[in-house]
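Only one structure is covered here, and it is reproduced in the block below.
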Amino acid sequence: MKRRDFMIAAGTAAGALMIPRIAFGAEGVIDWYTSSDQNVMDFWTNVVKPKFEAANPGITINLVDGGDNAGLQAIAERALAAMQTKSDPQADFFEGFDARQPVGAIDAGLWTDISAAGLSNYSRINPLALDIPQNMPYRGSQVLLAYDTTKLDPANAPKTWADLIAWIKANPGQFIYNRPNKGGSGGNFVRRAIYEANGNDPTKFQVDNFTAEAGEAALTPAWDILKDLAPSLFDGGAYTSGNTQSIQLLGQSAVTMIPAWSDQALSAIAQGVLPETTGLVQLSDLGFPGGFTRLTIPTNATNHALSLKLADFVLSEEIQSAVLTELGGFPGVSWDYVSPELRERFKDVIPASIPVFPGGDWEKAINDGWYRTVAPNVDPNA
Amino acid sequence: MPVVLVIWMVVWPIISAIVRTIWRPDASGAYGFNLDTYIFFFTDRYSLDNLSLTLWTTGICAILLLVICLPIALYLRFSAGRLPAYVQGLAIFPMFVPSIILSYAFIRVLGPNGMVDLILNAAGLPKIRTPYLTPWGPVIGLVWDNIPLTVLILLAGLGAVTNQSVEAARDVGAGPIRVFWDIILPRLGNSILVALSFTVLGLFSAFTLPYVLGPAAPEMMGPFMQRTFRDLYDPLNATTQAVIAFGFCLVFGLFYVRSVAKNRTP
């Protein structure tokens with residue numbers, strides 16, 4: 001084949017491949033995007049999609065892995081641009097996204113106010129999980145401590161915050177947590193310290209009660225706790241840049257204990273990334289906070305009504321129970337709306353309350369304050 | 001066409017970023033000249049620490065790259081046979097390794113209880129003080145990542161040194177150092193400048209390696225900008241940081257443009 005023919009053939013083939021991508025969003029096909037990991041994609045493929053499609057004949061869900069948050073942000077920006085030009089956003093449903101992105105999207109009216117959309121199951125949502133009405137929480141997980149049982153006898157594993165601090169100080173260099181903005185395991189370790197500095201009362205922190213003075217008063221003592229801890233951390237005050245790196249250090253036996261997401265730690269053990277001898281423990285005085293994964297729906301979605309139907313479906317008892325049993329996560333609805341036998345089965349594993357730290361301005365203050373106050377403890381020339 | 005693309009995708013965003021950070025509405029909504037974010041950056045200890053860490057990393061990397069790549073390029077230029085081909089392949093190899101893969105491999109090899117520690121331990125030697133999560137982590141990663149480009153540019157520059165001139169110098173009794181200093185270096189000066197300005201531009205905006213391997217604070221400008229934009233929801237200050245970083249890169253860009261212009265004039 002001549003080079004020119006080859007180029008033409010290759011160009012045609014490449015063009016043919018691109019056609020589905022430039023197709024318009026179709027009626028009855030919900031274009032669904034996720035920023036979550038493969039386990040969540042599998043959950044939707046094997047559980048949610050077949051159940052929803054069986055309950056709604058003629059409707060299909062087109063599951064697309066958007067990669068990460070940045071991937072979804074690009075798609076959300078496209079939807080925002082489509083809104084201005086009144087064209088098709090080709091996106092109906094975002095899993096694992098935050099309606100605060102892209103900046104200005106809420107003001108432009110891109111995201112549906114789900115609280116006002118008339119979902120029959122909306123009132124079931126755990127009130128602690130609610131953030132802004134454009135974000136609909138539907139599943140959660142909680143941070144706990146993962147440790148090496150060959151170096152620390154499970155009988156001596158810390159069960160309270162005071163025990164944990166005492167253990168870290170007695171074993172310098174054996175604990176590390178990640179930067180609070182780079183992954184929830186370290187982020188919620190930091191938030192647990194904030195609770196500790198404020199009388200262990202999660203109700204003091206609400207999404208709408210942040211003021212500069214309240215932030216200053218609540219966070220400064222927490223920074224003192226964390227600064228005091230820094231010299232006893234790995235390498236005299238180093239912080240990994242993500243959940244995975246912390247798990248890698250525990251797996252390499254470089255540290256003895258890390259905070260980790262419950263579901264991530266369980267799958268790491270199952271895959272052999274962490275050895276079988278890894279122990280997990282939750283604090284009993286007040287658990288580490290958890291986080292909720294949220295859905296957003298653009299107002300200009302082609303299948304807007306169907307997307308809301310799907311959001312409502314996801315909050316049903318059937319799917320919420322599957323979140324517990326199939327995904328290893330926590331339900332986004334209050335525990336009263338999970339089947340009684342599951343409530344019974346998980347009652348020892350899951351604490352009565354998952355403290356949920358609000359996002360929004362608190363999150364901003366924590367991300368900025370930690371970097372400015374706690375992190376510089378590291379001497380760059382050490 | 002290329003000119004239009006450059007104006008649309010490079011020049012216009014720069015102008016827009018500069019204008020949006022200095023000409024913007026105040027509290028009352030009236031547009032006006034406003035340098036607050038720049039004043040904040042240059043009076044804020046934390047921001048300045050980040051900037052100086054970036055400059056430090058860039059400087060150290062540039063020096064290390066030159067020290068490592070110049071001998072490799074000289075070797076490749078003045079030797080023939082099979083071995084130099086392998087050396088060249090090895091020197092170009094980092095170009096094909098994505099930096100995220102490099103980062104995790106780095107943790108496995110140079111990280112705590114990594115491969116180096118295991119080998120040292122097997123030989124009965126003490127463990128290394130790991131560079132992971134210190135400013136030296138990104139330095140090692142960035143140097144490795146930038147070797148191919150630097151070697152290629154230097155090698156291209158060495159093409160301008162003819163074998164005859166080197167042989168002529170040798171015939172009149174010049175030693176290797178004398179040949180390098182008086183024959184090779186004067187022809188190579190320009191390439192060194194180009195190589196340095198290219199790598200500096202790349203290093204200044206580096207993200208993945210400093211993010212995964214570097215310390216939490218101070219951070220390099222790349223992760224700092226990303227964090228300001230994404231985690232603090234503060235596009236204005238992030239743009240200001242970007243404009244400041246651009247200002248520093250502009251200086252090195254001018255070096256490059258000047259050296260190209262000088263080459264053009266006979």
Side-chain angles (χ1 to χ4, degrees), chain A residues 68-70 73 98 100-104 106 173-174 176-183 186-187 226 230 233-242 244-255 359-361 363-382, chain B residues 44-50 52-54 56-57 100 103-115 117-118 127 129-139 207-220 223-224 226-239:
Chain A
D68 55 6
N69 186 59
Q73 180 145 342
D98 184 349
R100 288 180 188 83
Q101 309 172 95
V103 173
I106 293 180
Q174 293 302 311
I176 192 164
Y177 66 94
N178 69 264
R179 301 162 202 178
N181 63 324
K182 300 298 184 198
L226 293 171
L233 297 176
F234 176 76
D235 211 10
Y239 307 94
T240 51
S241 51
T244 321
Q245 289 97 316
S246 293
I247 287 179
Q248 195 173 7
L249 286 188
L250 181 64
Q252 281 177 217
S253 201
V255 293
D361 289 333
E363 185 180 359
K364 232 161 82 174
I366 291 168
N367 286 343
D368 200 36
W370 185 87
Y371 271 87
R372 287 175 175 275
T373 322
V374 181
N377 235 14
V378 188
D379 180 2
N381 301 314
Chain B
D44 178 35
R45 186 73 251 154
Y46 185 75
S47 304
L48 289 176
D49 281 351
N50 290 345
S52 61
L53 177 78
T54 311
W56 178 86
T57 308
I100 188 75
S103 305
Y104 280 89
F106 178 102
I107 303 176
R108 278 267 177 235
V109 175
L110 284 172
N113 293 350
M115 203 159 81
D117 274 351
L118 292 181
K127 289 179 184 179
R129 165 84 169 73
T130 175
Y132 176 47
L133 299 178
T134 74
W136 289 100
V139 167
F207 176 76
T208 313
L209 290 161
Y211 164 49
V212 179
L213 300 178
E219 21 181 9
M220 276 179 71
F224 184 38
Q226 193 266 358
R227 192 169 67 79
T228 309
F229 182 70
R230 287 285 279 276
D231 295 327
L232 304 182
Y233 304 111
D234 190 355
L236 182 63
N237 273 310
T239 316

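In this text the structure is predicted, and so the values were computed from the model without any measurement.
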Exercise for review: Check step by step if side chain to side chain donor-acceptor pair (under 3.5 Å) holds for Tyr132(B) and Gln245(A).
Suggested key: CA-CA 11 Å; Tyr132(B) 176 47; Gln245(A) 289 97 316; 5.2 Å; no
Point to revise | Test item: Pro376(A) and Tyr371(A) side chains (from C-beta on) under 4.5 Å apart, heavy atoms | key: no
Check your understanding: Should the pair Asp49(B)-Arg372(A) be classified as a salt bridge under the 4.0 Å nitrogen-to-oxygen rule?
Key -> no
Study note, to complete from the structure: Turns out that what part of Arg108(B) lies under 4.5 Å from chain A's heavy atoms comes down to both
Check your understanding: So which part of Ile366(A) gets closer than 4.5 Å to some heavy atom of chain B, the side chain, the backbone, both or neither?
Key -> neither
Exercise for review: Let me know if Thr240(A) has heavy atoms under 4.5 Å from chain B in its side chain, its backbone, both or neither.
Suggested key: both
Review point. Under the 3.5 angstrom rule, does the side chain of Asn178(A) hit a backbone N or O of Gly183(A) as a donor-acceptor pair?
Key: yes
Exercise for review: Would you please indicate if the ring centroids of Tyr177(A) and Tyr239(A) are separated by under 6.0 Å?
Suggested key: yes
Review point. With a 4.5 angstrom heavy-atom cut-off, which part of Gln248(A) approaches chain B: side chain, backbone, both or neither?
Key: side chain
Revision key, fill the gap. Bottom line for Asp44(B): the part with an atom under 4.5 Å from chain A's heavy atoms is side chain
